[in-house]
Each structure stands twice: as structure tokens, then as C-alpha cells.
> 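The structure's right below; bear with me while I get my questions together.
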Amino acid sequence: MREKNFWPLGIFLVTMTVVGMIIWTVNLALKNPVELDNSYMNYYQQVDSNINEIQQEQKRFWGLYAIKPFSSKVEMNLPQGVSIELLKRETQEGVEGAKVTFRLTRPHTAREDIDLGEGREAGKGVYATPAIQFPKEGRWKLQAMIETSEGKGYFEKELNAR
């Protein structure tokens, strides 16, 4: 009676397991495509090609200005919107005449992005979004692009809509 050799069966099973995992990974990747990253309120390719200039501009901008923090827990319906206060870092005075553009996005997908447009000046250095109605509860990001005569800055605040 001959002894049975299980090595060919083991090699075959390991090979089939690896092929099965590759097929599973490809299917998973096709069902969940990569979302557009909208950091700095721009497409990934544009940010990638200009990241050094953007970071230098950010450092210079946030050396001159500061944002007064606000609560990250918000209601589902905000008829008055959300406001940010832009201050000069040295004097802590409000900055007037800035152009602030707002966007509301989910951290994990770009499909539910809501462009809120340009904010209205609601006081000295206070810029407010239009009314906000969150379509879903959960984590959202409020992004703002702030343009002044000294440059451009990007602000991002995570919100928790309940």
C-alpha cells in the first residue's frame, strides 16, 4: 500500500484561496469606487500639483488671521445657518470685506456635497452661511474658503448633526 502525499492538494487549496481573495478584492473595489477628495475645496489633482504653494499660503494666511471657534454639535435644521468669526491675529479685531465661500460635505463621500455659496457678512468679521437643512444625521464637514487682500485661507470644521 502506497502512502498518500497531501502536498499537491495543499498547494492547490492555497492557490485557490489566493485567487479567491484577489477576485473578492477586485469586486469590493469596483462596488466601492474611490471618492473625489475635496480638500482645499479643489480637485485632488489640482491640490496634488500645487500642495507646496497651498501649504505656504496657508501658513502665511493663518499667521495673520484666526477663526473664533464655535460648537460642533448642531441641529438638523439651522434657519440662521452657521457663522464664523474671522479675526486679525495681532489685534483680535474682526476682518471686514473678506469673501467667504462655504461648502457642506460628508467625510466619507462627495455625493452629498452641498455648495452653500458665498456667506453674508453678519457683523464685523462675522460671516454666516445661508440656512442649512441637513438631509441626514451624522458627521458633516463645513468647509470655507476665505479670500482677503492678503491671500486665501481654507477652514474646515467637523459638525455633528442631530
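Values below: all heavy atoms of this structure, side chains included; hydrogens, waters and symmetry mates excluded.
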> When you compare the side chain of Tyr65 with that of Thr148, does any pair of heavy atoms fall below 4.5 Å?
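Side chain of Thr148 against side chain of Tyr65, heavy atoms only: contact under 4.5 Å found.
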> What is the distance from atom NZ of Lys99 to atom CD of Glu118, rounded to the nearest 0.5 Å?
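With rounding to 0.5 Å, NZ (Lys99) is 5.0 Å from CD (Glu118).
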> Under the side chain to side chain contact (heavy atoms under 4.5 Å, CB included) rule, what do Glu85 and Lys124 come out as? Steps first, then yes or no, please.
CA-CA 8 Å; Glu85 188 172 357; Lys124 187 172 182 181; over 6 Å; no
> For Glu147 and Met145, what are the C-alpha separation, side-chain angles and deciding distance, and is it a side chain to side chain contact (heavy atoms under 4.5 Å, CB included)?
CA-CA 7 Å; Glu147 297 176 83; Met145 180 173 56; 4.0 Å; yes
> Group every Ile, Leu, Val, Met, Phe, Trp and Tyr by side-chain heavy-atom contacts under 4.5 Å, then state whether Val126 and Ile84 land in the same group.
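No, it is not one cluster - the side chains of Val126 and Ile84 are not joined through contacts under 4.5 Å.
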> Look up atom CG in Leu86 and atom CD in Glu96, then write down how far apart they are to the nearest 0.5 Å.
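Going from CG on Leu86 over to CD on Glu96, the span is 11.0 Å.
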> State the NZ-CE distance between Lys152 and Met41, to the nearest 0.5 angstrom.
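Lys152 NZ to Met41 CE: 10.0 Å, rounded to 0.5 Å.
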> Between Asp115 (side chain only) and Gly117 (backbone N and O only), is there a donor and an acceptor less than 3.5 Å apart?
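Pair absent, no side-chain N/O of Asp115 close to backbone of Gly117.
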> Looking at Leu13, Ile11, Val18, which hits side-chain contact (heavy atoms from CB on, under 4.5 Å) with Thr15?
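Going through the options one by one, the only one that passes is Ile11.
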> Return the minimal non-hydrogen interatomic distance between Ala161 and Lys136, and the atom names on each side.
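For Ala161 and Lys136, the tightest heavy-atom pair comes out as CB-O, 4.3 Å.
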> Give the intermediate values and the outcome of side chain to side chain contact (heavy atoms under 4.5 Å, CB included) for residues Gln92 and Leu87.
CA-CA 5 Å; Gln92 293 298 309; Leu87 305 170; 3.4 Å; yes
> Just wondering, are more than 12 heavy atoms of other shown residues or ligands nearer than 6.0 Å to CD in Glu53?
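Yes, the 6.0 Å shell around CD holds more than 12 heavy atoms from other groups.
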> Could you see if Tyr40 belongs to whatever hydrophobic cluster contains Trp140? Use Ile, Leu, Val, Met, Phe, Trp, Tyr and a side-chain cutoff under 4.5 Å.
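Each belongs to a different hydrophobic cluster.
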> Hey, what do you get for CG (Asn27) to CD1 (Ile22), rounding to the nearest 0.5 Å?
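With rounding to 0.5 Å, CG (Asn27) is 12.5 Å from CD1 (Ile22).
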> About how many Å separate OG1 of Thr129 and CD of Gln80, when rounded to the nearest 0.5 Å?
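Here the rounded value is 8.5 Å.
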> Same cluster or not: are Ile114 and Tyr154 linked, directly or through other Ile, Leu, Val, Met, Phe, Trp or Tyr residues, by side-chain heavy atoms under 4.5 angstrom apart?
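Not linked; separate clusters.
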> Tell me whether Phe61 is reachable from Leu142 by hopping between hydrophobic residues (I, L, V, M, F, W, Y) whose side-chain heavy atoms are closer than 4.5 Å.
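Result: yes, single cluster for both.
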> So, taking the atom named CD in Gln45 and the one named CG in Asn50, what distance separates them when rounded to the nearest 0.5 Å?
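Output value for this atom pair is 11.5 Å.
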> Does the side chain of Leu104 come within less than 4.5 Å of Asp113's, by heavy atoms?
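No, every pair of side-chain atoms sits at 4.5 Å or beyond.
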> Is there a side-chain contact between Ile132 and Phe134 in this structure, where contact means two heavy atoms from C-beta onward sitting under 4.5 Å apart?
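Ile132 vs Phe134: side chains touch.
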> Show the numbers, then the answer: is there a salt bridge (charged side-chain N to carboxylate O under 4.0 Å, His left out) between Lys88 and Glu93?
CA-CA 5 Å; Lys88 290 183 181 176; Glu93 292 178 3; 5.0 Å; no
> Look at the aromatic rings of Trp62 and Phe155 and report parallel, tilted or perpendicular, splitting at 30° and 60°.
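Ring orientation, 0 to 90° scale: tilted.
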> Kindly work out whether a path of hydrophobic side-chain contacts (I/L/V/M/F/W/Y, heavy atoms less than 4.5 Å apart) joins Leu159 to Val100.
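Yes, Leu159 and Val100 fall within the same hydrophobic cluster.
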> Side chains of Ile67 and Ile146: closer than 4.5 Å at any heavy-atom pair?
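Yes, close enough: below the 4.5 Å cut-off.
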> So Lys141 and Arg103, do their side chains get closer than 4.5 Å, heavy atoms only?
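In short, these two side chains do not touch, never coming nearer than 4.5 Å.
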> Between Glu137 and Arg162 (salt bridge meaning N to carboxylate O under 4.0 Å), is one present in this structure?
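Looking at Arg162 together with Glu137, the answer is no, because their closest N to O distance does not fall below 4.0 Å.
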> Determine, for Arg139 against Glu158, whether the closest basic-nitrogen to carboxylate-oxygen distance falls under 4.0 angstrom.
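Yes, this pair counts.
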